[in-house]
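Counting begins at 1 with the first residue of the sequence. Keep in mind the model is a prediction, meaning the values are calculated, not measured.
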Amino acid sequence: MTWKKQKRVGMAAFAVLLGISGCGSIGAPKGYEDYTVKKEQYVDEYTEQYDYWDVVTVEYPVVSGIDGEQTEIINKTLYDMAMEKVNYWHLTPNEQVEALMEEYSVYSSNVHCDVDFCSQYLLSVAFQEAYAPISPVYYVQMTQRCANINLMTGEQYQLTEIFEINDSFMELWCGQIEADGTYSGVITNDEDVRETIGAWFLGEDKESEEYYIFTPFFYIDKNKDFVIGISYDPKPNQIGASLPKDNSFFAHFNAADLEPYRTESEFWELYDKSEITGKVVECEELRENIWLGENASVWGYWEERQ
């Protein structure tokens, strides 16, 4: 399964560490130049623990070759982020989700991770997921989230820590999405849209947060440019049967265009000095999610009916 194929279905309307224990000033240390990021997979299919069936495959990265207690912190962060929706809807449900479990037939989820940028200081990981609470056909959701981690401390950087999210930033973001034409005019570069999406980025839309989980995200690509977006995943009180939904808006940006919006975060000192290093190893036996396989593909189901 590829993310490109998922997006075709439909859109929603709307190095060893040298002589330091932390980041500090990085003018002298070289950071980690020899480490490995290996992809592994969590698989859970048709277990007897639940009253409903489950078909779950989650790909996640594991970092090794870094000497320090932050290794455990980093790997826990990556695993927890990969498992975020599986935990929310399946393994550790809250009361609202438990009420929905009475309607489950199959809980399905597939998570794919990309590691395009790993430097001596920073690791950037993008997670793409298709999941389906309640039913594997009529409740399919697609979402994204990202982890951007300081390898020397284990700290994770959030979008609002490294960029000033103001009207000018939103004008750039909305303008790029409108120019790309990816979302059929749903995102336009006008004041109302900028204000609405800006509130999502900043966590200021409390009314909508009653129904959606807003997740701003960014990741760094192999050219040191940025992908910036936001996911808006439904809470139990907003789940409804429909065509598969893509719950993310995102666009690519040249790093130079984002410079005016940089904050004073130490992230930028790390970023500016970063060079690609480390080694990314693919999962040795990546299991295909049977929910999305050739003989039981939800994508094929909907393509036949469109």
Side-chain angles (χ1 to χ4, degrees), residues 1-14 56 58-60 77-90 94 97 108-114 116 124-133 139-149 156-163 165 169-170 173-174 176-178 180 182-184 186-187 193-194 196-221 226-240 242-253:
M1 179 195 67
T2 65
W3 188 247
K4 182 178 180 181
K5 181 174 182 180
Q6 292 177 19
K7 287 185 67 62
R8 190 173 67 238
V9 177
M11 293 284 185
F14 265 45
V56 175
V58 179
E59 186 182 35
Y60 61 95
T77 295
L78 294 170
Y79 182 79
D80 288 348
M81 182 167 287
M83 295 288 290
E84 180 180 295
K85 297 303 177 191
V86 174
N87 287 334
Y88 182 88
W89 289 105
H90 181 47
N94 60 26
V97 175
S108 306
S109 178
N110 184 75
V111 178
H112 172 73
C113 70
D114 286 316
D116 288 335
S124 186
V125 181
F127 296 94
Q128 303 162 336
E129 179 172 13
Y131 66 100
Y139 295 82
V140 180
Q141 314 287 321
M142 291 168 285
T143 191
Q144 299 188 60
R145 53 194 175 272
C146 302
N148 297 274
I149 297 174
Q156 183 178 183
Y157 296 103
Q158 306 297 333
L159 181 71
T160 53
E161 292 179 77
I162 69 167
F163 290 117
I165 310 299
F169 177 91
M170 294 311 305
W173 189 82
C174 290
Q176 184 63 58
I177 287 186
E178 185 175 36
D180 291 345
T182 308
Y183 301 103
S184 303
V186 173
I187 300 295
V193 174
R194 293 198 301 269
T196 297
I197 306 297
W200 295 358
F201 273 116
L202 294 170
E204 296 176 348
D205 188 347
K206 301 305 179 183
E207 181 177 352
S208 295
E209 285 178 1
E210 294 291 324
Y211 305 98
Y212 294 95
I213 300 171
F214 294 106
T215 308
F217 63 85
F218 75 95
Y219 67 87
I220 310 167
D221 69 18
F226 287 78
V227 173
I228 300 175
I230 189 162
S231 294
Y232 54 103
D233 291 289
K235 292 183 176 180
N237 59 6
Q238 192 61 24
I239 285 288
S242 68
L243 290 166
K245 293 181 177 180
D246 186 341
N247 298 329
S248 300
F249 297 125
F250 67 96
H252 290 73
F253 296 87

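- Under the rule for a side chain to side chain donor-acceptor pair (under 3.5 Å), the partners of Arg145 that lie at least two apart in sequence or sit in another chain are Glu129.
- Residues satisfying the salt bridge (charged side-chain N to carboxylate O under 4.0 Å, His left out) criterion with Asp80, sequence neighbours excluded, are Lys76.
- Side chain of Asp221 to backbone of Val227: no donor-acceptor contact under 3.5 angstrom is found.
- Using a 4.5 Å heavy-atom threshold, the side chains of Thr182 and Ile177 count as separate.
- A donor-acceptor contact under 3.5 angstrom links the side chains of His112 and Asp114, judged on distance only.
- Taking 4.5 Å as the limit, some side-chain heavy atom of Gln141 sits within range of a side-chain heavy atom of Pro234.
- Atom CD1 in Ile220 sits 5.5 Å away from atom CG in Asn148 (nearest 0.5 Å).
- In this structure, Gln158 and Glu161 approach most closely via the heavy-atom pair N-OE2, 2.8 Å.
- No side-chain donor-acceptor contact under 3.5 Å links Trp200 to the backbone of Ile230.
- Taking both residues in full, the closest heavy atoms of Ser248 and Ser231 are given as OG-OG, 2.6 Å, listed atom of the first, atom of the second, then distance.
- Among all heavy-atom pairs drawn from Pro133 and Ile239, the shortest one is CG-CD1, 4.2 Å.
- A search for ring-ring contact (aromatic ring centres under 6.0 Å, His included) contacts involving Phe169 returns Phe163, Tyr261, not counting sequence neighbours.
- In terms of the side chain to side chain contact (heavy atoms under 4.5 Å, CB included) criterion, residue partners of Ser242 (sequence neighbours excluded) are, by chain and number, Lys245.
- Qualifying ring-ring contact (aromatic ring centres under 6.0 Å, His included) partners for Tyr60, counting only residues two or more places apart in sequence or in other chains: Tyr79.
- Within the 3.5 Å criterion, the main-chain N or O of Tyr219 finds no donor-acceptor partner in the side chain of Ser124.
- Note that CD of Glu84 and CG of Asn87 are 8.5 Å apart. Values are rounded to the nearest 0.5 Å.
- The line from CD1 of Ile149 to OG1 of Thr77 is 5.0 Å long, rounded to the nearest 0.5 Å.
- Classification of the Phe226-Phe218 ring pair by plane angle, with boundaries at 30° and 60°, yields tilted.
- In plain terms, the two heavy atoms of Trp89 and Val97 that are nearest each other are O-CG1, 3.7 Å.
- Listed by chain and residue number, Gln176 satisfy the side chain to side chain donor-acceptor pair (under 3.5 Å) test with Asp180 (two or more places apart in sequence, or in another chain).
- Under the side chain to side chain donor-acceptor pair (under 3.5 Å) criterion, Tyr212 pairs with Gln238, sequence neighbours left out.
- A 4.5 Å side-chain heavy-atom check between Asn110 and Ser108 finds every atom pair outside the cut-off.
- Legend: residues meeting salt bridge (charged side-chain N to carboxylate O under 4.0 Å, His left out) with Glu209, ordered by chain and number and at least two apart, are Lys206.
- Put simply, the side chain of Tyr232 does not reach to within 4.5 Å of the side chain of Asp205, judged on heavy atoms.
- By the side chain to side chain contact (heavy atoms under 4.5 Å, CB included) test, Ile213 pairs with Lys85, Tyr88, Thr215, Lys235, sequence neighbours left out.
- In this pair, Tyr183 and Phe250 present their aromatic rings perpendicular. The plane angle is above 60°, beyond the 30 to 60° band.
- Partners of Tyr131 under the side chain to side chain donor-acceptor pair (under 3.5 Å) rule, at least two apart in sequence or in another chain, are Asp233.
- Closest approach of Ala130 and Met142 over heavy atoms only: CB-CG, 4.2 Å.
- Between Phe217 and Phe127 there is no side-chain heavy-atom pair separated by less than 4.5 Å.
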